[in-house]
Every structure is written in structure tokens, then in C-alpha cells.
There are 2 protein chains.
Amino acid sequence: MRWQDIDQQPCSLARSLAIIGDNWTLLVLRDCFLGVRRFDDFQQRLGVTRHVLSDRLRKLADGGVLEKVAYQERPLRHEYRLTPMGRDLYPVIAHLAQWGDKYLAGDAGPPLVRVHRQCGEPLEAKLQCGHCGDSVEPKDIRLEENPHWAGQLLPTQAG
Amino acid sequence: MRWQDIDQQPCSLARSLAIIGDNWTLLVLRDCFLGVRRFDDFQQRLGVTRHVLSDRLRKLADGGVLEKVAYQERPLRHEYRLTPMGRDLYPVIAHLAQWGDKYLAGDAGPPLVRVHRQCGEPLEAKLQCGHCGDSVEPKDIRLEENPHWAGQLLPTQAG
DNA sequence: AACAGTTAGTTCCAATTAGGAACTGATAGT
DNA sequence: ACTATCAGTTCCTAATTGGAACTAACTGTT
């Protein structure tokens with residue numbers, strides 16, 4: 001199976017990765033959350049080649065994560081802004097950054113601290129159940145298959 | 001800049017992506033959380049080519065996300081298990097899957113429902129501040145630079 | 001003893017993608 | 001007329017991927 005065909009799988013993670021799972025794409029989104037909007041700014045901050053950046057921005061716009069907004073006419077130029085769909089990716093980025101802070105920071109410590117404005121403390125992101133409010137770990141989750149794909153998604157218990 | 005050199009950037013997200021940001025890697029981890037442990041099982045479920053799978057498993061093991069455990073001698077064979085570091089990626093996967101459920105599900109609806117065992121309700125993952133317990137959105141976060149990289153990480157306010 | 005089966009990879013080759021640098025086009029400022 | 005801005009595109013080489021076959025070290029079966 002080709003990587004570019006994973007959007008056709010009946011798996012929400014696979015479909016998500018079809019839009020944001022390419023190399024560089026999550027770094028583009030990191031910069032979007034930092035307020036970067038223009039092609040050359042992305043290119044200089046990331047150091048990615050221009051045609052890879054062009055491809056990633058097009059995929060993000062086609063996927064609905066970013067929208068292309070004209071910021072001037074003559075010559076017509078566009079910038080890229082997060083849509084609500086894109087903003088919904090913030091928890092993914094926050095958890096990934098926190099994971100890097102925890103396991104991969106060098107001697108100087110984490111490069112950025114994310115302070116929660118409301119309480120003034122560094123954010124300690126946790127996965128919590130929106131219904132009961134408890135912290136959630138992998139073992140707390142039971143998976144239920146949609147009957148439409150019954151038996152096709154989960155591995156057979158063999159070990 | 002080459003993609004394989006992003007682990008040298010002083011950005012926790014970039015360093016995280018150096019380990020888990022390649023194509024296929026998060027799908028390998030999805031299967032790990034479903035209990036898949038063996039090479040051929042990953043290969044058949046994912047449809048990825050064997051040498052890409054081999055490469056990704058090696059990177060995950062080198063990065064500390066998976067550990068290679070011998071499950072038999074004669075002939076010596078290993079399986080791959082999540083480490084605590086790997087298990088800490090669960091929030092990332094849960095949020096990505098939920099995002100796909102919300103925006104990318106087809107007519108049949110999301111393929112899997114993640115039920116929180118403790119409360120019996122479908123998990124609605126939310127990003128919450130571990131300190132005050134409030135839900136957190138991008139605008140609620142203020143970034144503080146580590147003085148060691150002062151002025152080098154955040155974009156200059158220009159737009 | 002000969003043969004098929006299991007299983008974690010490796011090897012080979014063609015096709016695709018990435019990296020690097022230069023170039024384009026429309027326009028503004030000097 | 002010349003330089004700068006800025007979002008791309010084009011060109012070429014190098015690296016990676018996809019697909020299929022192959023290897024090695026056994027076990028179980030005829």
C-alpha cells in the first residue's frame with residue numbers, strides 16, 4: 001500500500017495522518033500556532049525546501065486545516081490561516097511538545113514553557129475524559145467496533 | 001535542511017517528530033496500542049513494505065519508544081513492546097483519532113468508539129490544565145522562552 | 001531424510017519524493 | 001533603470017519508497 005492512499009482506510013488516525021502526517025507538516029502547523037502566516041516566513045523558519053513547503057501548504061488548505069486568504073491585491077498575494085478545524089489540532093501539538101519536553105530536552109531544559117494564562121502555571125497537559133473529568137490512560141479505554149467494519153479493525157487475540 | 005536533521009533543533013516538537021514523525025510511524029504505534037507486537041503482524045495489518053517497517057521499528061527502538069524483547073530462542077526472535085515513554089504518547093494518538101472522527105468520518109460514522117471503562121461513556125478527550133483543571137485553548141497559552149535561546153524561537157511580531 | 005511452514009528481516013530494482021539552487025512574474029520603492 | 005518583495009515554479013541530483021523475491025534458522029510433517 002502506498003502512503004498516499006491511507007486516506008481510504010476506515011481508521012480515523014490514518015485519515016488524520018493523510019492530511020497532517022507527512023514530514024514537515026506538523027512543523028508548519030507549529031508555526032501557524034505561533035502566528036506565522038506567509039510563505040517566505042515559513043520557509044525561512046523551517047529551512048524546508050520551497051517546493052515541499054508549497055506542497056504541504058496546498059494539502060493543508062485542500063484538507064480544510066488552513067485557509068488561503070488574500071492580504072493584498074496588485075500583486076495578488078495570499079497568506080495561510082488556521083481554520084477552526086486546524087485550531088482543533090492544538091491538543092495534538094501541545095501533547096507532542098510536552099512529550100518532547102519530558103524525554104528529549106537537552107541540558108538547557110525545554111526551549112519553551114507554555115503558561116496557562118488563567119491560572120498562571122505552566123500547562124501540564126493531561127488526557128482527561130470530558131464526561132467524568134478523570135485522567136485517562138491506555139488501559140482505561142475499551143474499544144467498540146462500528147458494526148459496519150465488524151472484525152476488520154482490531155487484531156485477533158493471539159498473544 | 002534535511003528532515004533527518006530536525007532532531008538537532010531546540011524545539012521539543014521537532015525533536016518528538018524526529019522519532020515519531022515519519023510516514024507510517026504513528027500507524028505502527030496505533031497498532032502497538034491495539035496489542036500488535038510482531039513484525040509480520042504489523043506488516044500485514046499496515047500493508048507497509050517490509051524494509052520501511054524494519055526502519056521504523058529500529059528508529060522507535062533506538063528512540064526508546066519501543067523495546068525489543070526476545071520471545072523465543074532457537075531461532076532467536078524478538079517482538080516490540082511499548083515502553084513507558086511510548087505509552088506516554090497515548091494522548092497524542094487519542095486526540096488525533098478523535099480529530100479524524102470529528103472531521104473525516106464517512107457515512108458509516110467513526111470506525112471505533114473509545115469507551116472510558118470507569119464511567120462507561122465514550123471518551124471526549126479534552127486538553128485540560130493539570131494545575132487548575134480548566135479546558136485549554138490556543139489563546140489561553142502564553143509562551144515563555146528559555147533564556148538560553150532568547151529571541152531565536154518565536155517569530156518577530158510583524159503581522 | 002525430504003519437504004513445507006514460520007518469521008524477522010535483507011536485497012534488488014524501478015518509481016517517487018526530497019534537497020538545493022536558480023528562476024519567474026507582478027509590483028513597489030529609489 | 002535598478003533593486004527589493006514575495007509566492008511560488010523549474011531543473012537537476014540524491015535519497016527514499018513500493019513491490020517482490022530471497023535468506024537464515026529453525027519446527028513440524030510426511
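Lettering follows sequence order; numbering is per chain, from 1.
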[X] [atom1] - [N] [atom2] separation (whole Å):
| X | N | atom1 | atom2 | answer |
| --- | --- | --- | --- | --- |
| A:Leu46 | C:dG19 | CG | P | 12 Å |
| B:Gln72 | D:dT27 | CD | C1' | 9 Å |
| B:Gln43 | D:dA20 | CD | C1' | 11 Å |
| B:His51 | D:dA21 | NE2 | P | 16 Å |
| A:Arg58 | D:dA7 | CZ | P | 16 Å |
| A:Gln4 | D:dT16 | CD | C1' | 13 Å |
| A:Asp55 | D:dT10 | CG | P | 14 Å |
| B:Phe42 | C:dG9 | CZ | P | 11 Å |

*Sort and list the pairs that fulfil ring pair (Phe, Tyr, Trp, His ring centres under 6.0 Å) and have at least one residue in residues 90-112 of chain A, not counting sequence neighbours.*
A:Phe33-A:Tyr90, A:His95-B:His95, A:Trp99-A:Tyr103
_I'd like to know if B:Trp149 and A:Leu46 are part of one continuous hydrophobic network [Ile/Leu/Val/Met/Phe/Trp/Tyr, side-chain heavy atoms within less than 4.5 Å]._
yes
*Between protein and nucleotides 2-8 of chain C, map the contacts as a letter string: B base, S sugar-phosphate only, - none, heavy atoms under 4.0 Å, written 5' to 3'.*
----BBB
*Choosing from D:dT16, C:dA18, D:dG18, which nucleotide comes nearest the side chain of A:Val52?*
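Nearest listed nucleotide: C:dA18.
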*Student check: side-chain heavy atoms of A:His116 and A:Cys119 closer than 4.5 Å*: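 Yes, close enough: below the 4.5 Å cut-off.
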_Taking the side chain as everything from C-beta on, heavy atoms only, tell me whether A:Arg56 gets closer than 4.5 Å to A:Phe42._
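They are not in side-chain contact.
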*Provide the closest heavy-atom pair for B:Pro111 versus B:Asp101 in the form atom of the first, atom of the second, distance.*
CD-OD1, 4.3 Å
*Of all the heavy-atom pairs spanning A:Asp7 and A:Ala18, show the shortest one and how long it is.*
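Closest heavy-atom pair between A:Asp7 and A:Ala18: CB-CB, 3.4 Å.
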*With a non-hydrogen cut-off below 4.0 angstrom, is B:Arg56 in contact with a base, only sugar-phosphate, or nothing?*
sugar-phosphate
*Charged N to carboxylate O under 4.0 angstrom, B:Glu79 versus B:Arg38?*
yes
_C:dT10, OP1 or OP2 - any side-chain N/O from B:Ser54 closer than 4.0 Å?_
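Answer yes for this pair, as a side-chain N or O of B:Ser54 is under 4.0 Å from OP1 or OP2.
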*Does B:Trp3 place a side-chain N or O at less than 4.0 Å from the phosphate oxygens OP1/OP2 of D:dA14?*
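Checking D:dA14 against B:Trp3, no side-chain N or O comes under 4.0 Å of OP1 or OP2.
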*Contact nearer the 5' end of DNA chain C, comparing A:Arg74 with A:Val48*: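 Looking at DNA chain C, the more 5' nearest nucleotide goes with A:Val48.
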